[in-house]
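Read the structure below first, then the notes.
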Amino acid sequence: MLPTLLAAGLCLGHAAHAQPSSRDAVRNEVDAARAAGAAGLALDIASRQRSAFSELEFARLRHAALAQRLRWAQDEMRESIARTRTRDLDAALGEGWQLLDSLPATGDFAPLRMQVTYDMIFGLALRGRASSATQLFESLGKQMDAYPPYVLVAAGDAYEFQERLDSAIAAYETALRISGPGDVDEVGVREKLFYAYLDRGRPEEAGENLERIERASPALVELAPNPETPNADFERANRMKAQYLLYTGRTSQGIIAVDALRHDAPFSTGLRNAAADARMSDGHPEQAREAFRIATQEQPNDTEALIGLARSSLTLRDIRTAKEISTALSERLPESSAVRNLRRDVDVYESPLLVMEGAASRGPSDGSIVAGKEWSLDTKLYSAPIANDFRVFAHQFTGQANIEDQNRSRIRNGVGVDYRRDRVEASAEIHRSTGMGARTGVSGDIHFYPADTWRLTAGFDTDSNDLPWRAYWNGVHGWTGTVGVRYQPNARRYLDATYKRDDYSDGNVRQSAGLTWFETLYESPRHAVSGWASVTTSRNSLTDVPYFSPSHDATAQLTAMYEWRPWRDGQKAFRQRVYGTVGGYRQAGFSTEPLWEIRLEQVWDLPRHTTITYGIGYGRRSYDGQPENRASAYFSLNVPF
């Protein structure tokens with residue numbers, strides 16, 4: 001019995017000594033795995049013997065494994081656009097919420113709770129859950145410089161996705177200011193800050209930031225094992241410099257810069273996409289679409305090329321392609337602002353649309369050749385697209401003029417169908433005017449685009465709204481037909497040639513033709529100057545009629561427009577324009593008389609491509625040798641629902 005008890009005691013003693021030894025071995029293994037950067041392995045080893053670690057120690061191991069999984073998930077999301085690319089990230093975020101819920105609300109765990117929260121902000125922003133990321137970030141209630149730089153960058157990304165650009169800029173700026181060497185990718189963060197400045201309408205600061213990027217991006221990698229190693233940031237900086245010129249209105253300079261870069265790096269996909277985007281900005285969507293299509297054939301997962309293909313297709317009235325790409329990318333890249341913007345533009349295209357145009361003018365109260373006072377309101381309400389290419393619309397025109405102290409109105413209501421596909425835009429309408437001389441009529445127009453640089457147009461209206469008010473006042477109605485051609489070599493200039501024929505019910509036939517040359521003369525981030533030169537001439541078959549109808553006349557005029565762009569915030573922007581026109585008018589039987597006009601116009605760009613334009617003007621021209629001053633006001637409204 002005694003030997004047995006002694007043996008048992010010895011065994012218990014050995015077991016007692018063996019337990020601490022095993023505990024130390026496990027901890028050593030965990031420390032070795034952590035030192036080797038295998039946080040997940042360290043957690044697996046610790047999980048086999050939880051008793052070797054305190055609750056706080058084990059929670060720290062869980063956090064280290066979580067942080068590592070989030071970084072790995074970031075790399076996976078950068079390298080792939082597969083539908084499964086977010087699987088690991090979603091799993092890591094689920095574990096992160098579980099870890100936060102499991103941490104006691106005690107002082108010992110407070111620093112760890114903060115670290116886990118930081119990583120959750122990072123993961124949520126990476127996943128595109130911008131609202132959750134910013135709510136969690138703001139719930140901490142800290143000053144910006146109290147956060148780690150990587151958290152500030154993540155918060156900046158979330159704010160940018162929500163288009164809270166001032167907050168995004170503050171987060172990026174603070175991250176750059178407080179970060180040390182290696183804390184963040186400085187060039188990458190400055191690139192984000194660069195685009196945030198542009199979207200916020202701060203081009204001067206974007207330019208200064210670009211200069212810092214260029215200084216931080218030499219052509220060759222410094223201290224590299226191979227002294228001739230090219231620096232990828234150098235190409236990125238030069239591409240951004242070319243894009244800065246494009247985004248700030250200096251399109252021709254931007255195209256030259258991009259072409260020069262492509263000459264030096266002909267196989268760069270980024271530069272190829274930038275060159276195609278430049279063609280798009282310069283009014284060549286067909287060229288851009290073909291370049292993007294080739295890029296996607298060579299690299300099917302090139303997200304930038306896919307977005308470019310969708311945007312150029314949308315511009316070219318190929319809504320099917322744009323929808324297919326937008327839907328696929330929205331499923332695979334929900335965190336991408338570029339994809340979000342594309343999806344939003346496709347949604348706008350597929351929405352009902354309200355278009356309104358109003359105008360009013362006032363001339364001499366006595367003896368005005370045109371009308372003492374006049375106003376008009378032209379409204380079209382379009383349905384959402386039907387079978388992608390068709391819309392139905394309702395059209396209402398109301399106008400009124402005061403002539404010889406009497407008010408006369410014209411009201412016309414119509415319904416029609418609009419078609420847009422590939423190279424064609426067309427519409428047809430049936431309408432009915434009301435009141436005295438009410439008539440039923442039809443109208444239609446077509447625009448054909450044989451190439452990027454050409455547009456051919458034709459239209460007709462059997463009961464035209466575009467007749468002199470005195471003609472309506474005297475019971476005259478008319479038929480109108482127009483044809484036109486535009487040559488537009490780029491987005492900065494075009495030449496228009498038009499011909500119009502009006503057949504009035506009193507037998508008068510009015511024919512007119514005109515040429516207009518438009519040119520952008522100067523453009524900078526906040527300012528632009530454009531000019532028009534136009535010549536028109538007309539003939540009337542009858543002159544002995546109760547409305548202005550010279551046998552022939554001609555007008556030549558020059559118009560200059562200055563545009564100021566003081567404010568922008570994402571989708572919202574404000575522009576102000578001043579127009580000045582001078583010229584001469586020559587009427588048969590009278591000498592050439594000067595004409596002039598000045599106008600002030602303001603434009604508001606609002607979310608969902610809503611645009612509001614309004615302006616006032618004052619000018620002078622002659623009729624039958626008598627000069628007439630006239631004040632005017634106008635507005636237009638474009639609202640997708």
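Just so it is clear, the model here is predicted, and its values are computed rather than measured. Every heavy atom of this structure was used, including side-chain atoms; hydrogens, water molecules and symmetry mates were not.
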Does Asp277 come within less than 4.0 Å of Arg279, counting only side-chain N to carboxylate O? no

Determine, for Arg48 against Asp44, whether the closest basic-nitrogen to carboxylate-oxygen distance falls under 4.0 angstrom. no

Between Glu290 and Arg293, does any NZ, NE, NH1 or NH2 come within less than 4.0 Å of an OD or OE carboxylate oxygen? yes

Answer yes or no: is there a donor N or O on one side and an acceptor on the other, between the side chain of Tyr172 and the main chain of Asp157, under 3.5 Å? yes

Heavy-atom donor-acceptor pair, Arg85 side chain to Arg332 backbone, under 3.5 Å: yes

Hey, are Glu523 and Arg565 close enough for a salt bridge, meaning a charged N less than 4.0 Å from a carboxylate O? yes

Distance col, row Leu93:CG vs Asp88:CG, nearest 0.5 angstrom, shows 11.0 Å

Counting only N and O atoms by type, is there a donor-acceptor contact under 3.5 Å from the side chain of Ser326 to the main-chain atoms of Lys323? no

Side chain of Ser383, backbone of Arg391: donor and acceptor closer than 3.5 Å? no

Where the side chain of Thr327 meets the backbone of Glu324, is there a donor-acceptor pair that is under 3.5 Å apart? no

Does some side-chain heavy atom of Arg34 sit less than 4.5 Å from a side-chain heavy atom of Leu61? yes

Is there a donor-acceptor pair closer than 3.5 Å between any side-chain N or O of His284 and the backbone N or O of Ala491? no

Report yes if the side chains of Pro640 and Asn638 come closer than 4.5 Å at any heavy-atom pair, otherwise no. yes

So OG of Ser524 and CZ of Arg250: to nearest 0.5 Å the spacing works out to 7.0 Å

Indicate yes or no: at least one non-hydrogen side-chain atom of Arg113 is less than 4.5 angstrom from one of His63. no

Side chain to side chain, Asp318 and Arg289, heavy atoms closer than 4.5 Å: yes

Where the side chain of Thr321 meets the backbone of Ser313, is there a donor-acceptor pair that is under 3.5 Å apart? no

I need the minimum non-hydrogen distance between Ala158 and Ala133, along with the two atoms involved. CB-CB, 3.9 Å

Got a salt bridge between Arg340 and Glu335, using NZ or NE/NH1/NH2 to carboxylate O under 4.0 Å? no

Rounded distance [0.5 Å steps], CG in Leu103 versus CZ in Arg62: 7.5 Å

Do you see a donor-acceptor pair shorter than 3.5 Å between the side chains of Thr134 and Gln162? yes

Would Arg320 and Asp389 pass as an ion pair if we require N to O under 4.0 Å? yes

Determine, using ring centers only, whether Trp567 and Phe574 are less than 6.0 Å apart. no

Salt-bridge present (Glu191, Lys241; N to O < 4.0 Å): no

Salt-bridge contact Glu160-Arg200 (side-chain N to carboxylate O under 4.0 Å): no

Say whether, by atom type as modelled, one donor and one acceptor occur between the side chain of Thr610 and the main chain of Leu606 under 3.5 angstrom. no

Under 3.5 Å, is there a donor on one side chain and an acceptor on the other for His609 and Asp345? yes

Under 3.5 Å side-chain donor-acceptor pair for Gln243 and Tyr195: yes

Exam field: side chain Asp569 to backbone Lys572, donor-acceptor pair closer than 3.5 Å: no

Quick one: sort the Phe393 and Tyr382 rings into parallel, tilted or perpendicular, breaks at 30° and 60°. tilted

Short question: side chain of Asp452, backbone of Glu286 - any donor-acceptor pair under 3.5 Å? yes

NZ/NE/NH1/NH2 to OD/OE distance under 4.0 Å, Arg50 and Glu57: no

For the atom pair CZ (Arg190) and CG (Leu176), what is the distance rounded to the nearest 0.5 Å? 4.5 Å

Decide yes or no for Glu173 and Arg177: does some side-chain heavy atom of the first lie under 4.5 Å from some side-chain heavy atom of the second? no

Side-chain donor-acceptor contact under 3.5 Å, Arg212 with Asn209: no

So do the side chains of Pro203 and Tyr244 get within less than 4.5 Å of each other, counting heavy atoms only? yes

Answer yes or no: is there an ion pair linking Glu214 with Arg239, defined by an N-O contact shorter than 4.0 Å? no

Hey, what's the ring geometry for Tyr150 with Phe122, parallel, tilted or perpendicular (30° and 60° as the breaks)? perpendicular

We want to know whether Gln135 and Ser131 form a side-chain donor-acceptor pair, criterion being a heavy-atom distance below 3.5 angstrom. yes

Could you give the distance from CG (Leu165) to CZ (Arg568), rounded to the nearest 0.5 Å? 8.5 Å

In Å, rounded to the nearest 0.5 Å, how long is the span from CZ of Phe292 to CZ of Arg311? 10.0 Å

